[in-house]
Amino acid sequence: MSLHHKPSSRFFCSQFICSGFFRSLFPANQASTFFRLILACIVTMLALSTVFMNQSIFLDIANSFDVTAQKARFSFGVISLCYSFTFLFIGPLADTFDYGKMTAFGHFFIALFLMIAAGLNEYSEFLGCVGFIGIAAAVVPASMFPYVSQLAPPSGSGIYIGSIVASATLGIVIGRVALGTSTDAFGWQNSYRYFSLLFAFLSIISFFFLMILLQESGQSVKLLLK
C-alpha cells in the first residue's frame, strides 16, 4: 500500500478559504505594512513588560540589596510613575518626531539602564535606574500608537489599533512571567543583562524597519483620537 496519500478536496477548500480571508485583511501589496504592524506590536509589548517585570522578583531584589520587601516594592512605584508621567507628556508630542527613531532610542536606553542596574550595589542607585527605564519604556508606546494609526488602511483601522492595544496589555503579563522564570534559572542580575541584550537588538531592528517619513505623519494623532 502506498505511503503517500492524496490530499482531499476538503483540505484544498479549507486552505483556499483561509488564504482568501487573510488576503482580504492583508493584500499582497500590504505585506510590508503587515510586517511593520507585527514588529510595532512586539516592541510595544516588550517595552511595557519592563514596567511590570519587577513585581515577580521583589524578594530577590530585597535580598540582593539587603532591604525589606516593602522597600523593594517601592521600585514598582518609581518605574510606574516615571512611565505614566512620561507617556502623559511625550504622547501628544510624538507625532512631531520620527517614530522609528523614537522607538529605537527608547529601546536603547532600556538596554543601557538594565545593564547598569544589574551591576549596582546601592538600592538608591537601583531606584534611579528603574526610573530611567520607565521613562524610556514610555517612549515606545507613545510613538507606536500614532505610528500604527498611520499604517492602518481606512478599512482596517480597527484591527490595527486593536492589535497595538492588545500587545500593550499582553506586555503586563509577559513582564511578570518572563523575568520571574528567568530569575529562577539565572538570577535577577543575569536576567537583566540578558534582557538588556534583547532590547539592544530591538533598538537596531526598530531603527531600520520602523522608519517612516515625517511628512507623511500629519494626521496620525487626529486619526487616533477620533
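- Here F126 contributes atom CZ and L120 contributes atom CG; the two are 8.0 Å apart, rounded to the nearest 0.5 Å.
- Considering only heavy atoms from C-beta on, S56 stays 4.5 Å or farther from T183 through its side chain.
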Start with the C-alpha gap between F105 and F207, add the side-chain angles, then the distance that decides, and say whether side chain to side chain contact (heavy atoms under 4.5 Å, CB included) holds.
CA-CA 8 Å; F105 284 124; F207 186 83; 5.6 Å; no

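- Rounded to the nearest 0.5 Å, atoms CE (M115) and SG (C129) are 12.0 Å apart.
- In this structure, V51 is not a member of the same hydrophobic cluster as F85, with clusters built from ILVMFWY side-chain heavy atoms closer than 4.5 Å.
- Atom CZ of F58 and atom OG of S75 lie 5.0 Å apart (nearest 0.5 Å).
- Using a 4.5 Å cut-off on side-chain heavy atoms (C-beta onward), Y123 and D66 make no contact.
- Linking ILVMFWY side-chain heavy atoms closer than 4.5 Å, directly or via other members, places F74 and I61 in a single hydrophobic cluster.
- Side-chain contact between T50 and Y83: absent, with no pair of heavy atoms (C-beta onward) separated by less than 4.5 Å.
- Note: F76 and F52 meet the aromatic proximity criterion, with ring centroids under 6.0 Å apart.
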What do the steps show when you test K71 against F65 for side chain to side chain contact (heavy atoms under 4.5 Å, CB included), and what is the final call?
CA-CA 10 Å; K71 287 186 177 181; F65 291 105; over 6 Å; no

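- Both L210 and I204 are assigned to one and the same hydrophobic cluster, defined by single-linkage of ILVMFWY side chains at heavy-atom distances under 4.5 Å.
- In the hydrophobic cluster analysis, where Ile, Leu, Val, Met, Phe, Trp and Tyr join through side-chain heavy atoms closer than 4.5 angstrom, L81 is grouped apart from V130.
- With ring centers used as reference points, F108 lies 6.0 Å or more from F199.
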Could you please spell out the steps behind the ring-ring contact (aromatic ring centres under 6.0 Å, His included) verdict for F109 and F132?
CA-CA 8 Å; F109 284 108; F132 282 115; 8.9 Å; no

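- Rounding to the nearest 0.5 Å places OG of S196 at 10.0 Å from CD1 of I110.
- Outside the 6.0 Å centre-distance limit, the rings of Y194 and W188 are not counted as a close aromatic pair.
- Annotation: side chain of T103 is in contact with side chain of M144 (closest heavy-atom distance under 4.5 Å).
- No path of Ile, Leu, Val, Met, Phe, Trp and Tyr side chains, each step under 4.5 Å between heavy atoms, connects F89 with F145, placing them in separate hydrophobic clusters.
- Proximity of Y99 to Q150: side-chain heavy atoms (C-beta onward) are separated by under 4.5 Å at one or more points.
- In this structure, OG1 in T68 is found 10.5 Å from CG in L59, a value given to the nearest 0.5 Å.
- If you check the side chains of T44 and S167, you find no donor sitting under 3.5 Å from an acceptor.
- Atom CG in L198 sits 8.5 Å away from atom NE2 in H107 (nearest 0.5 Å).
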Hey, mind stepping through M102 and I90 against side chain to side chain contact (heavy atoms under 4.5 Å, CB included) and telling me if it holds?
CA-CA 11 Å; M102 281 187 67; I90 295 297; 3.8 Å; yes

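- At a threshold of 4.5 Å between non-hydrogen side-chain atoms, the residues S182 and F195 count as touching.
- Other members of the cluster containing V173 are V177, with ILVMFWY side chains joined at under 4.5 Å, either directly or via other members.
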